[in-house]
A.B. asks: 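Quick one: the structure is below, questions incoming.
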Amino acid sequence: MSPVPDIESVKKEISTAILDSPEALESFRLKYLSRKGIITEMLAGIGKAEPGDRARLGKELNALKKTADSIFKNAQKELASSLGKQIRATDDPTLPPPPFPAGSLHPLSRTLDEIKSIFFQMGFTVADGPELEDDFHNFTALNFPAEHPARDMQDTFFVRKNEHRPEEDLVLRTHTSPVQIRLMKQQQPPLRAIMPGRVYRNESITAKSYCLFHQVEGLYVDRHVSLADLKHTLITFAGHLFGSDLKYRIRPSFFPFTEPSLEMDIWWQTGNRSGQWMEILGAGMVHPNVLKSVEIDPETWTGYAFGMGVERITMSRYEIDDIRLLYDNDLRFLDQFP
Ligand code: PHE
């Protein structure tokens, strides 16, 4: 028979036990209070004690059991209330977690991705250029006359302005057309690329205009590229982006770097609003002076170019009426594009 533990040492043990977890609580219960527990066995052993001792032993052991019971119950209560702070009884831990606030693509990125994928299908690659440009790439090589209004302080953010030597001016590019120049300087025709990117205009900020926006430029230079090729490309593109039942019109226009130049409008009508013509892009046949500025022979090569505003297209497709919403990064707005 195992030695009978003495009451005093058990009392000491139970009153110093650390019951700070459900596991500790359960092992306390098993060790002292269960059917095979120390105190239960001590109680069962009373019958084997000297008859004269039984009454005293019974009293002491019952008191010990009571103490152990109340230590157990108090610890159980305390533990439940501290755990309760972490998990409320009403919580169902088997439920799926609340949705994690994941980000999503910005509406401008969505439009840009779609525009890119349409042109990829038509065999265009992507070219890139810097946002800080010199006067040559942003204006001169693109056949801008010296007095052209786009060169004006009102439109252009000058990073470096030299009154006497305008060729040393540095500007935030006002359009993506300088990337055409860079591409034609780097590679010989045939060339077929789109050039997406940020552009900057020193205009007052309103619901319709912002100091920066995005354009996608397009350039195709080859032998025998014609205006018919340009029109076909633009109509195919717009049909993919806006749907094949699209109503469009192509108007004559003017840009220094294209001749002839045109603009494309689409008929835009959403819900029960009255429809309207909306200009989506400018385009034209690359001006011979532009080809000459990059040492491409305009007798051998011809090309077309186009440029479109990503903001304008995005705003019409998602019925956004203030361009500033695209730049505020307000989650109440962005959450609408999950
Ligand atoms: N660069 C012109 C603009 O910013 C758009 C354009 C590009 C027009 C290419 C014709 C050809 O308005």
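Both backbone and side-chain heavy atoms feed into the values below; hydrogens, waters and symmetry mates do not. Both ligands and their constituent atoms are indexed starting at 1 by order of listing.
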A.B. asks: Measure the distances from the heavy atoms of M308 to every atom of ligand 1 and state whether one is below 4.0 angstrom.
C.D. replies: no
A.B. asks: Quick one: which of G282, S253, G218 has a heavy atom closest to atom 8 (C) of ligand 1?
C.D. replies: G282
A.B. asks: When you measure from atom 4 (O) of ligand 1 to every protein heavy atom, which one gives the shortest distance, and what is it?
C.D. replies: Q215 NE2, 2.9 Å
A.B. asks: Short list, please: which atoms of ligand 1 are under 4.0 Å from a heavy atom of A283?
C.D. replies: 8 (C), 10 (C), 11 (C)
A.B. asks: Would you check if I313 and F242 make a side-chain contact, meaning some heavy-atom pair closer than 4.5 Å?
C.D. replies: yes
A.B. asks: Can you classify the ring geometry of F237 versus F119 as parallel (below 30°), tilted (30 to 60°) or perpendicular (above 60°)?
C.D. replies: parallel
A.B. asks: Please determine whether any non-hydrogen atom of R201 lies less than 4.0 Å from an atom of ligand 1.
C.D. replies: yes
A.B. asks: My understanding is that we take every heavy atom of each candidate and find the minimum distance to atom 1 (N) of ligand 1. Doing that for G284, G307, S177, which one comes out nearest?
C.D. replies: S177
A.B. asks: Hey, can you tell me if F337 and Y318 have their rings parallel, tilted or perpendicular (30° and 60° cut-offs)?
C.D. replies: perpendicular
A.B. asks: Using distance alone, decide if ligand 1 has a nitrogen or oxygen within less than 3.5 Å of any nitrogen or oxygen in H175.
C.D. replies: yes
A.B. asks: Between the side chains of T174 and N138, is a donor N or O closer than 3.5 angstrom to an acceptor N or O?
C.D. replies: yes
A.B. asks: Provide the number and element of each atom of ligand 1 under 4.0 Å from a heavy atom of F306.
C.D. replies: 7 (C), 9 (C), 11 (C)
A.B. asks: When the ring planes of F28 and Y32 are compared, do they come out parallel, tilted or perpendicular, using 30° and 60° as the limits?
C.D. replies: tilted
A.B. asks: Answer with yes or no after comparing the ring centroid distance for W268 and W277 against a 6.0 Å cut-off, counting only values under it.
C.D. replies: no
A.B. asks: Which option, Y304, F255, F257, owns the non-hydrogen atom nearest atom 11 (C) of ligand 1?
C.D. replies: F257
A.B. asks: Would you call the rings of Y327 and Y210 parallel, tilted or perpendicular if under 30° counts as parallel and over 60° as perpendicular?
C.D. replies: parallel
